[in-house]
Structure formats: C-alpha cells, structure tokens
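Starting from 1, each residue takes its place in the sequence as its number. Every number for a ligand or one of its atoms is a count from 1 in the order of the listing.
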Amino acid sequence: MTLRTDDLIASGLVAPARRDEIRRVAERFSVAVTEEMAALIDPGHPNDPIAAQFLPSGAELTTASEELADPIGDQRWSPVPGIVHRYPDRVLLKPTVLCPLYCRFCFRRETVGKRPAMLHQAELQSAYDYIRQRPEIWEVIVTGGDPFVLGPRRLGCIVRALDAIAHLGVIRFHTRVPIVDPRRITAPLISALSVEKALWVVVHANHPRELTPAAREAVARLLRSGIPVLAQTVLLRGVNDDAAVLEALFRGLVAMRVKPYYLHHADLAPGTSHFRTGIRKGQCIVRDLRGRVSGLCQPSYVLDIPGGYGKVPIAPAAINHDRASGGWVVADRDGVCHAYPPDPEDRED
Ligand SMILES: *Cc1c(COP(=O)(O)O)cnc(C)c1O
C-alpha cells in the first residue's frame, strides 16, 4: 500500500500543525510514500533523514531565483516523446512518469506523477523507431518516473523490443524500487528482465537506513539472476552531507555487491534549496571519503550542468601543474603535497 497525503496525515507521521502546509505542497507536487519507507520514519526524530526525503515540507513552496522547472535541460534534447538524446551513444527512454514514492528533492518534480502517466503504444513505437534508425546509439537508459512500477508484462515488452535492436550493446534501468518498494522485485519481474543483451540496474539510495533486510534481499534476487547492480546517491543537506553517513552507505552497498556509481550534486529543481549543499562542502566530503574508504566504495561526484550540457565530475583535483618546476604537485589523502616529474613532452633535456 502507498500512503498519499491524507494517509500521511492520518498516520500521525505528520504533526497536526503541518497539515495545511502539506496539503498546499500536494496541490503543486506529487506526494506518495511506500509502506516500507513510512515504517522507517521515526516520528520522534525532528530531522529524520527518511522523513526529510519523502514527507512534504512547506519549504518546497519557496522557489529560489536560480531554480529551474527543467533543471538539466531534458526538454531541449527530447526529439520524440519519452526520449532524451543528449550524448551521441546513449539515450534515455522514459515509459512512465509514475514512481512508487516521490522524493521531495526530485529534479523531475514538475513532471513526475502527473498526466499523461505513460507513453501510449504509438509513442513507444516511435521511440523504438528513433533508436532503430540511429546505429550510433549503443545504450538505452530506461528511466522515468520509475520504470519498475510497470508490471512484468509491460516491462517484458520494452526489454524484448530493445533486445531485438542489433546495434544496442546495453540496456540500463534506473530505479528506486528495489530499495523503497522491494516487494515489486518478483520472479516474474526478474524473468521479464532476462534477455540476451547485457542488462544493468542502477538503484538509488541516499542513507544507510534505506538498506533494509527487504531491500538487500530484493537486490540479491537481481544479482542472483546475473544482473549487475550499481547505485547512485544524491548529496542532500540534512540527509547525507556527512562523510560518516556516506561511508556507512557506500560500505553497506559494496557489502551487498553493489558498486556506488555516481554521487550527484543536487540539481536546481524548484522548491529544493533546503536540500542543497554548496559545491565546496561536497568537495570537502568527497576528499574526506577518499581517506576513509576503498576505491570500490567511491562513486564519482558529478554535477549535471544546468541547461542540458551534461554531467561532469567535480571532485576536488588531487593534482595540479606546477609552473616553477614544469612538473606536477600531487596531494596525498592527508593533504601532503608531493612533486611528480614533468611530462616527457615538457622536458627540456
Ligand atoms: C545522466 C544521463 C545519461 C547517462 O549518463 P552516464 O554518465 O552514462 O550515466 C544519459 N543521458 C542523459 C540525458 C542523462 O541525463
């Protein structure tokens, strides 16, 4: 069962004084929390990191001047409905804008959960045609919304259609379902994903408490069927902007056989300024993590450039060119600098 605005109010998870503000937020943005995530919320904890991610807050009604309805410029790169084609070799395919729950910081919050909820059959066919006609497309990233809210039958159709396109090498799904709604990872869903091509799943997790026994088991079912699983995390103020919290999250994921792929700097989505940290703070956390955990536990810290210019790594540089020597100065994990010789083409001898 999913909790909507009235259920959240009736559940006692929302203080009576906040009812009106929550109803006002729900008029503008989608609201839903899965039972699993609602059960994790500690109502006695004023800054509960699970509550912060999923329970609406009046702060969402304030839009900062730098915020954008389409923060990463999807619209600009959408040639046909449901497709975003920003990089030559890969496209996003968004069959639905529905999610099992709605993250309060979502960068697609102006569209998720709204109508039309799904691509029609004809639109899906045009999306497949778009991919079929372009042999340079090697990877399709099925996202949304959350594609795993589609039942096994619908998912199976999508996966088989993509599997039949010879020039595709990889089908990748981005989903929060295995973590926040693990019961949906059923045997029929997994068999719908079992195809010839490499199919990868990227889950989204932001706090170690999300890695519940049920979530671990759902991820294990995907892994046992031979599907590699990666994770992405959004850096969020008051949720995980702390090296110790991220360390616990990334260690937890790696111990589940899940490789942390990206740590996203929070996008400039409307009404989300209370979630954003500064980039300098993000870089400090990433530098701190480098000293704490193995390479397996380190995702790449990325920014999606507003306007649709794509993702770029923004971790602090460990190495800088040194004008005086013509070589390099490289900082170790304690911040101590060491000289590295000039590049062969820069040597004078
Ligand atoms: C994030 C994104 C991708 C995937 O990028 P990777 O760096 O390959 O994970 C592809 N297309 C669009 C439009 C994206 O926003």
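- Every residue two or more places apart in sequence or in another chain that forms a side-chain contact (heavy atoms from CB on, under 4.5 Å) with Asp242 is listed here: Ala244, Val245.
- A distance below 6.0 Å separates the ring centres of Phe148 and Phe173.
- For His321 and Trp328, the ring centers are positioned less than 6.0 Å apart.
- Residues forming a salt bridge (charged side-chain N to carboxylate O under 4.0 Å, His left out) with Arg287 (at least two apart in sequence, or on another chain): none.
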Is there any protein N/O under 3.5 Å from an N/O of ligand 1, and what does the full list of such pairs look like?
unit_1, atom_1, unit_2, atom_2, d
ligand 1, 7 (O), Tyr262, OH, 2.5
ligand 1, 8 (O), Arg90, NE, 2.8
ligand 1, 8 (O), Arg90, NH2, 3.4
ligand 1, 8 (O), Arg172, NH2, 3.0
ligand 1, 9 (O), Arg172, NH1, 2.9
ligand 1, 9 (O), Arg172, NH2, 3.3
ligand 1, 9 (O), Tyr261, OH, 2.6
ligand 1, 15 (O), Arg86, NH2, 2.5
ligand 1, 15 (O), Lys311, NZ, 3.0

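- We find that Lys94 and Asp74 are joined by a salt bridge, their nearest charged nitrogen and carboxylate oxygen being less than 4.0 Å apart.
- Sequence neighbours left out, the pairs with a member in residues 133-143 that pass salt bridge (Lys or Arg N to Asp or Glu O under 4.0 Å) are Glu139-Arg172.
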